Amino acid sequence: MMAVGISGYGIYIPRFRIKREEYAKAWGSFSAAGVTEKSVFGFDEDALTAAAKVTRRALESVPMEADMVTRFALATTSAPYLEKLLSGTVLVSVGIPNSAFTSDHTSSTRAGTEAMLAAFEHVMATQSGKAVVAAADAPKASMWDAVEHAFGAGAAAFVISSDNLIAELEGHFSYASEHFGERFKPKDDPLVRDLNVKKFAEGSVVRNTTSAGSALLKKLGRKPEDYQHVVIQQPDARVPVTVASRLKFTDAQLASSLVSKTLGDLGAASVPVALASALDAAKAGDRIMVISYGSGAGSDALSFKVVTDKKATVRVQADTERREYIDYVKYLKIKGAIQ
Amino acid sequence: MAHVSVPMYWRTIPQRYKLIGYKCKKCGAVNFPPKGVCKQCQSSSEFEETHLSGRGKVHTFVLISAGGAPPEFAEQEKAGGQYPVAIVELEEGPKVIGQIADIDPKEVKIGMPVRTELRKIYTEEEVIRYGFKFVPA
Ligand SMILES: [Zn+2]
């Protein structure tokens with residue numbers, strides 16, 4: 001079978017950062033385990049502006065003209081509209097043909113890998129197809145709710161095709177199940193809720209991620225030690241460590257992708273940005289295991305083999321180091337939380 | 001606020017989202033935004049569309065602070081403080097006006113290289129009006 005994979009990638013981390021100490025001053029505590037600071041979109045940014053930026057960066061990294069794209073998939077849990085095609089804004093702004101098939105993936109933080117798998121299906125079905133996946137997110141909850149503390153902002157995009165591969169897709173496996181009460185938006189409310197039943201929620205995360213991950217290892221006849229990098233959904237900086245250890249991956253394998261420590265929870269863009277960070281660090285021959293998670297609940301596991309030392313121009317680390325700290329009052333103003 | 005209806009805004013999408021310029025078929029000058037008659041040769045009104053790179057240099061700029069912002073940008077100024085508005089000379093020649101985003105306003109300099117990217121400009125009638133701003137290149 002023809003090899004398909006990632007031919008280019010681009011990331012964007014907004015410039016503003018808020019430190020955990022700012023939350024501690026305002027609220028007496030900070031609930032995001034292992035997160036020391038997080039990224040924040042500017043007042044004039046949202047999931048679509050960030051998606052447009054990373055789409056352009058991903059195409060430039062190949063390099064590929066936007067008019068070659070035949071499939072565009074967008075992922076976010078912070079859509080600026082509850083109803084309206086979102087991908088059209090990005091398609092027009094980047095110059096992707098109006099005839100490209102687009103899809104919006106918005107209902108859980110699994111959306112990033114959901115969009116990637118949609119892109120892979122397109123390229124596997126149409127060999128000459130060129131797909132772009134853009135995941136951009138800045139999850140939003142009430143400032144009164146502890147679930148808000150972890151929420152950061154960021155974006156990543158991938159060009160998916162059968163040419164000029166940086167990393168080849170070796171296989172994937174998904175797992176879905178029924179869970180509730182953890183990270184959801186009720187009908188008619190755009191803010192994330194969480195009933196904060198910690199043990200129950202952790203049970204769902206562990207069951208879905210390890211089911212998908214171990215099934216994929218078995219399918220490929222691999223062991224955790226065959227991988228140099230493991231990328232796991234990062235609602236904070238502790239959950240991925242828990243999941244990794246359950247699957248017998250080590251902290252060293254997790255190190256190249258643990259972006260949540262300084263960026264927070266990037267929602268549907270969590271795994272995509274973390275994967276870009278692993279690609280930045282990877283050498284030709286390395287293997288990367290990717291496991292996403294979305295509450296409700298489901299996981300996608302994808303296995304990649306890195307085939308070149310080619311990198312994107314803008315590295316995750318470089319964009320992360322470009323920062324301006326803001327205090328909690330400015331954070332509230334930018335977020336529009338003061339009406 | 002100067003009301004811009006949804007259809008009026010929509011007609012400017014080629015300029016606001018993509019920087020489509022209009023190259024004069026007689027003298028070759030790139031007009032942006034579109035003009036009835038070429039502003040260079042003042043004689044031709046035939047153009048072909050050309051996709052501008054969005055890259056250029058800051059020609060001049062001002063910082064807009066409290067009270068100086070047009071009503072549609074007042075909310076932005078209140079949330080984010082003063083913001084730079086620049087005239088940028090694009091690689092292809094035209095000078096265009098736009099905000100500079102993603103920078104500490106104190107760091108804006110004449111001559112600095114910038115490029116366009118999509119941002120939220122303002123919201124009217126609960127419709128987000130997207131368009132280009134300049135960011136450091
Ligand atoms: Zn002319």
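Treat the numbers as computed from the prediction; the structure is a model and nothing was measured. Chain identifiers are assigned alphabetically (A, B, ...) following the order of the sequence lines, protein sequences preceding nucleic acid strands; residue numbering begins at 1 within each chain.
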Next on the checklist: So for atom NZ, which belongs to A:K261, do other residues, nucleotides or ligands contribute more than 12 heavy atoms lying within a distance under 6.0 Å?
Outcome noted: no
Checklist outcome for this item: In terms of heavy-atom contacts, A:P80 and B:I128 come closest through CB-CD1, 3.5 Å
Checklist entry - Where do B:E107 and A:R15 land on the salt bridge (Lys or Arg N to Asp or Glu O under 4.0 Å) test, with the steps shown first? => result CA-CA 14 Å; B:E107 287 171 16; A:R15 193 173 99 256; over 6 Å; no
Item to check | Heavy-atom proximity to chain B below 4.5 Å, by part of A:Y12 | outcome: side chain
Next on the checklist: Is it the case that over 12 heavy atoms from other parts of the model lie below 6.0 angstrom from the CE atom of A:M68?
Outcome noted: no
Checklist entry - Side chain, backbone, both or neither: which part of B:L19 has a heavy atom under 4.5 Å from chain A? => result neither
Next on the checklist: For chain A, which candidate among B:R115, B:E117, B:H51 shows the most heavy-atom pairs at distances under 4.5 Å?
Outcome noted: B:R115
Checklist entry - More than 12 foreign heavy atoms under 6.0 Å from NZ of B:K57: is that the case here? => result no
Checklist outcome for this item: So OH of B:Y130 and CG of A:D44: to nearest 0.5 Å the spacing works out to 11.0 Å
Checklist entry - Just wondering, are more than 12 heavy atoms of other shown residues or ligands nearer than 6.0 Å to CD in B:Q82? => result yes
Checklist outcome for this item: For B:T116 and A:R56 the tightest heavy-atom approach is O-NH2, 4.1 Å
Checklist entry - Heavy atoms, side chains only, cut-off 4.5 Å: are A:T89 and B:L118 in contact? => result yes
Checklist entry - Under a 4.5 Å heavy-atom cut-off, does chain B meet the side chain of A:Y81, its backbone, both or neither? => result side chain
Item to check | Flag if over 12 foreign heavy atoms under 6.0 Å of CD, B:E91 | outcome: yes
Next on the checklist: Please report the interatomic distance CG(A:L48) to CZ(B:R119), rounded to the nearest 0.5 Å.
Outcome noted: 13.0 Å
Checklist entry - Is there a side-chain contact between A:V92 and B:K18 (heavy atoms, below 4.5 Å)? => result yes
Checklist entry - Closest heavy-atom contact between A:F43 and B:Q76? => result CE2-CA, 3.4 Å
Item to check | Atom CG of B:D104: over 12 foreign heavy atoms under 6.0 Å | outcome: yes
Checklist entry - Is A:R322 close to B:D102 at the side-chain level, that is, under 4.5 Å between some pair of heavy atoms? => result yes
Item to check | More than 12 heavy atoms from other groups under 6.0 Å of CD on B:Q40 | outcome: no
Item to check | Distance-minimising heavy-atom pair for A:E45 and B:K120 | outcome: O-CE, 3.6 Å
Next on the checklist: Does B:K78, at its NZ atom, have more than 12 non-hydrogen atoms belonging to other residues, nucleotides or ligands within less than 6.0 Å?
Outcome noted: no
Item to check | Options B:Q99, B:R16, B:E126, B:K133, ranked by heavy-atom pairs under 4.5 Å with chain A, top entry | outcome: B:K133
